[in-house]
Amino acid sequence: MLRPTMVKQRILDVRADDLRALHSRLVLLDVDNTLSRHGEKEPAPGVSLWIEEMKQNGFSLLILSNNTAERVAPFAGKLGLPFFSMCMKPLPFCYWKACRQYGVPHRQAVLIGDQIFTDVLGGRLCGIPTVLLTPIEEETSLSFRIRRRLEKPLRRRYAQQGDGMNRLKGKDETE
């Protein structure tokens with residue numbers, strides 16, 4: 001349940017062909033340490049162009065965040081993206097709501113995020129493929145340091161299963 005479908009370094013490393021290979025039509029995006037540094041009000045360099053490229057390739061994009069609407073709304077507005085806030089990831093409710101709203105079966109959505117215990121687990125609970133990214137920067141709060149420490153052996157294992165940039169090999173990814 002903690003194994004992502006694909007591992008990439010940064011959001012800019014995720015190509016339209018990668019998403020097509022996952023049969024995705026709807027791209028669900030985390031914010032902090034995925035599209036920007038944690039708490040940053042501006043997207044990371046290149047993110048706006050990446051968003052436009054994905055839209056031009058026919059993908060629908062939606063931000064799913066555990067953060068408040070006060071944090072997410074201005075950020076999403078800068079990217080021209082709709083959003084759901086206070087999602088309580090890894091609980092599946094916002095994932096399901098997004099798929100229903102866009103009329104997309106779960107298997108035709110993909111979640112891209114930087115956390116195993118929220119983004120990947122939540123996607124897996126819903127049968128949604130996931131792309132795990134390396135966080136843009138290390139967070140300093142105690143809760144994040146604990147989560148990242150727990151993630152470390154899993155990330156090492158995923159990196160050993162390939163070059164850390166490709167679709168993971170092995171058993172059916174929906175198991």
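FYI, the numbering just counts along the sequence from 1.
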Residues Leu29, Ile11; criterion side chain to side chain contact (heavy atoms under 4.5 Å, CB included); working and verdict:
CA-CA 10 Å; Leu29 299 161; Ile11 190 79; 3.9 Å; yes
Are [X] and [Y] linked, directly or through other ILVMFWY residues, by side chains that come within less than 4.5 angstrom of each other?
{"X": "Val131", "Y": "Val47", "answer": "yes"}
{"X": "Met6", "Y": "Met54", "answer": "yes"}
{"X": "Val7", "Y": "Leu111", "answer": "no"}
{"X": "Phe84", "Y": "Val72", "answer": "no"}

Keeping the roles fixed (side chain from Ser24, backbone from Leu26), state whether a donor-acceptor pair exists under 3.5 Å.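 Not a single qualifying donor-acceptor pair exists.
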Taking the hydrophobic residues Ile, Leu, Val, Met, Phe, Trp and Tyr, and joining any pair whose side-chain heavy atoms are under 4.5 Å apart, which ones share a cluster with [X]?
{"X": "Met86", "value": "none"}
{"X": "Leu49", "value": "none"}
{"X": "Ile136", "value": "none"}

### Query
When you look at Ile63 and Leu28, which way does the side chain to side chain contact (heavy atoms under 4.5 Å, CB included) test go after all the steps?
CA-CA 6 Å; Ile63 291 176; Leu28 306 173; over 6 Å; no
Run the side-chain donor-acceptor check on residues 87-106: report pairs under 3.5 Å with partners two or more places apart or on a different chain.
| from | atom 1 | to | atom 2 | distance (Å) |
| --- | --- | --- | --- | --- |
| Lys89 | NZ | Asp30 | OD1 | 3.1 |
| Lys89 | NZ | Leu64 | O | 3.0 |
| Lys89 | NZ | Asp119 | OD1 | 2.8 |
| Tyr95 | OH | Thr118 | O | 3.3 |
| Tyr95 | OH | Asp119 | O | 3.4 |

Residues 41-55 vs side-chain hydrogen bond (donor to acceptor under 3.5 Å, both in side chains), sequence neighbours excluded, gives Arg15-Glu53, Glu42-Lys78
Do you know the tightest heavy-atom contact between [X] and [Y]?
{"X": "Ile128", "Y": "Ala109", "result": "CG2-O, 3.6 Å"}
{"X": "Pro135", "Y": "Arg10", "result": "O-NH1, 3.1 Å"}
{"X": "Pro43", "Y": "Leu79", "result": "CG-CD2, 3.6 Å"}
{"X": "Pro4", "Y": "Val120", "result": "N-CG1, 3.8 Å"}

Hits for salt bridge (Lys or Arg N to Asp or Glu O under 4.0 Å) against Arg25, two or more places apart or cross-chain, chain-then-number order -> none
For [X], which residues count as a side-chain contact (heavy atoms from CB on, under 4.5 Å) partner, sequence neighbours excluded?
{"X": "Arg20", "value": "Ala16, Asp17, Asn57, Phe59"}
{"X": "Ser36", "value": "Val31, Asp32, Glu40, Arg71, Phe75"}
{"X": "Leu154", "value": "Leu2, Ile116, Phe117, Arg157, Tyr158"}

Practice prompt. Flag the pair Val14 / Ile112 as yes when at least one side-chain heavy-atom distance between them is below 4.5 Å, and no otherwise.
Written response: yes
Pairwise side-chain contact, Leu62 with Val27, heavy-atom cut-off 4.5 Å (strictly under): no
- request: Identify which one of Asp13, Asp18, Thr134 satisfies the side chain to side chain donor-acceptor pair (under 3.5 Å) criterion when paired with Lys8.
  value: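 Exactly one option meets the side chain to side chain donor-acceptor pair (under 3.5 Å) with Lys8, and it is Asp18.
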Regarding Asp114 and Thr34, is there a side-chain donor-to-acceptor distance under 3.5 Å anywhere? yes
In this structure, OG1 of Thr5 is separated from CG of Leu132 (nearest 0.5 Å) by 10.0 Å
message: One pair to check against side chain to side chain contact (heavy atoms under 4.5 Å, CB included): Ile51 and Leu61. What are the steps and the verdict?
response: CA-CA 8 Å; Ile51 296 288; Leu61 295 104; 4.1 Å; yes
